[in-house]
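We number each residue from 1, following the sequence as shown. The model shown is predicted, which means the values in this text are computed figures rather than measured ones.
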Amino acid sequence: PPTPSLRNYVSLISGSGELPDAVRRSMVNISIECGVATIVTVLLSTLAAYAFARMTFRGRTVLFYSVLATMAFPAYTTLIPLYRIMTTFGLVNTYTGIILVYVSGFLPLATWIMYNYMSSLPISIEEAAQVDGASRMKVLWHVVLPLARPGIISTAVITFLFAWGQFLFPLVLSSDLSTQPLTVVIASLQGRHTVPFSLLSAAGVVAMGVPALIAVMLNRYIVSGLLTGSVK
């Protein structure tokens with residue numbers, strides 16, 4: 001541009017005006033939804049992966065591969081059933097509904113990543129702790145989780161990035177600004193007669209900046225998380 005300016009970024013941050021205020025609100029929404037979904041997904045996938053990797057119970061193999069098989073189904077084929085379920089339970093236009101959809105969608109991949117990492121850990125350390133009298137939960141908390149920290153970080157980063165980039169599911173499940181994430185609000189900023197190109201560009205840079213920064217800073221965790229267990 002002939003006269004570069006940062007006023008659009010200032011407007012987005014300060015929320016001065018109707019459109020910038022909507023963008024700022026959506027930034028809060030997407031942070032809450034992605035953050036909570038990441039925490040819940042990592043917690044559940046860690047417990048599930050430890051059970052599949054270290055515990056012996058009837059139907060373990062069938063259950064594990066059944067969880068992985070859900071990744072083969074196109075996610076968008078479940079959109080209409082999910083919308084009907086969310087409508088029935090009153091979860092449309094709520095944080096809870098969007099977070100539950102994110103968790104259910106990302107949990108199989110997160111479980112697979114954590115399972116590969118758990119399987120790569122030496123079981124002799126856990127057996128030594130059990131010989132010293134540690135219970136299963138103490139072994140998990142004091143031995144396994146510290147060793148699996150890189151895998152947990154990898155799973156958290158991958159889940160957060162996938163959740164941040166979602167568009168269609170929150171578009172359908174959230175029609176109110178109180179819960180719409182940034183990706184949906186940016187698409188709705190275009191008016192019927194006018195298009196705020198400069199404001200859209202600034203909002204787009206902000207939307208891309210967060211995942212780009214995370215990917216650059218934590219790239220080694222992303223790569224290690226995806227490659228763990230791929231080569232024996």
Q: In sequence, state the C-alpha distance, the side-chain angles, and the governing distance for Phe162 and Leu109, and then conclude on side chain to side chain contact (heavy atoms under 4.5 Å, CB included).
A: CA-CA 11 Å; Phe162 282 179; Leu109 176 62; 3.4 Å; yes
**Q.** Partner residues of Leu47 under the side-chain contact (heavy atoms from CB on, under 4.5 Å) criterion, sequence neighbours left out
**A.** Leu43, Leu140
**Q.** Qualifying residues under side-chain contact (heavy atoms from CB on, under 4.5 Å), relative to Pro122, sequence neighbours excluded
**A.** Ser124, Ile125
Q: Keeping the roles fixed (side chain from Ser119, backbone from Asn116), state whether a donor-acceptor pair exists under 3.5 Å.
A: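 No, the answer is negative, given that no donor and acceptor are paired below the 3.5 Å cut-off.
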**Q.** Student check: side-chain heavy atoms of Pro150 and Tyr117 closer than 4.5 Å
**A.** yes
To the closest 0.5 Å, what do you measure between [atom1] ([X]) and [atom2] ([Y])?
| X | Y | atom1 | atom2 | answer |
| --- | --- | --- | --- | --- |
| Tyr102 | Phe160 | OH | CZ | 10.5 Å |
| Met118 | Ile123 | CE | CD1 | 12.5 Å |
| Ile30 | Thr183 | CD1 | OG1 | 5.0 Å |

Which residue pairs pass the salt bridge (charged side-chain N to carboxylate O under 4.0 Å, His left out) test with at least one member in [range], sequence neighbours excluded?
| range | value |
| --- | --- |
| residues 133-156 | none |
| residues 105-128 | Arg54-Glu126 |
| residues 58-87 | none |

Distance-minimising heavy-atom pair for [X] and [Y]:
| X | Y | result |
| --- | --- | --- |
| Val143 | Pro146 | O-CD, 3.5 Å |
| Thr41 | Ala110 | CG2-CB, 3.7 Å |
| Ser26 | Val23 | OG-O, 2.6 Å |
| Ser45 | Thr155 | OG-CG2, 4.1 Å |
| Ala129 | Val139 | CB-CG2, 4.0 Å |
| Leu121 | Ala148 | CD1-CB, 4.2 Å |

(Q) So, using ring-ring contact (aromatic ring centres under 6.0 Å, His included) as the criterion, who are the partners of Tyr50 when residues are at least two apart? (A)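 None.
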Q. Which residue pairs pass the side-chain hydrogen bond (donor to acceptor under 3.5 Å, both in side chains) test with at least one member in residues 159-176, sequence neighbours excluded?
A.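 Listed once each, the pairs are Asn93-Ser175, Ser174-Thr179, Asp176-Ser178.
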May I ask you to list the residues sharing a hydrophobic cluster with [X], side-chain cutoff 4.5 Å, ordered by chain and number?
| X | value |
| --- | --- |
| Val131 | none |
| Leu171 | Tyr76, Leu79, Leu82, Tyr83, Ile85, Met86, Phe89, Leu91, Val92, Leu100, Val101, Phe167, Leu168, Phe169, Val172, Leu173, Val184 |
| Val62 | none |

Please tabulate, for side-chain N and O atoms in residues 197-218, each donor-acceptor pair with protein atoms closer than 3.5 Å (sequence neighbours left out).
{"residue": "Ser201", "atom": "OG", "partner": "Phe197", "partner atom": "O", "Å": "2.9"}

Any link between [X] and [Y] through a network of hydrophobic side chains (Ile, Leu, Val, Met, Phe, Trp, Tyr) touching at under 4.5 Å?
| X | Y | result |
| --- | --- | --- |
| Leu107 | Val42 | no |
| Met137 | Leu147 | yes |
| Leu161 | Val103 | no |
| Leu63 | Tyr115 | yes |
| Val28 | Val10 | no |

Q | Neighbour count above 12 (heavy atom, 6.0 Å) for Phe57 CZ | A |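 Atom CZ in Phe57 is packed in, count exceeds 12.
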In residues 31-39, what donor-acceptor pairs under 3.5 Å come from side-chain atoms, sequence neighbours left out?
{"residue": "Ser31", "atom": "OG", "partner": "Met27", "partner atom": "O", "Å": "2.8"}
{"residue": "Thr38", "atom": "OG1", "partner": "Cys34", "partner atom": "O", "Å": "2.6"}

Q: Indicate, with yes or no, if the rings of Phe64 and Phe52 have centres closer together than 6.0 Å.
A: yes
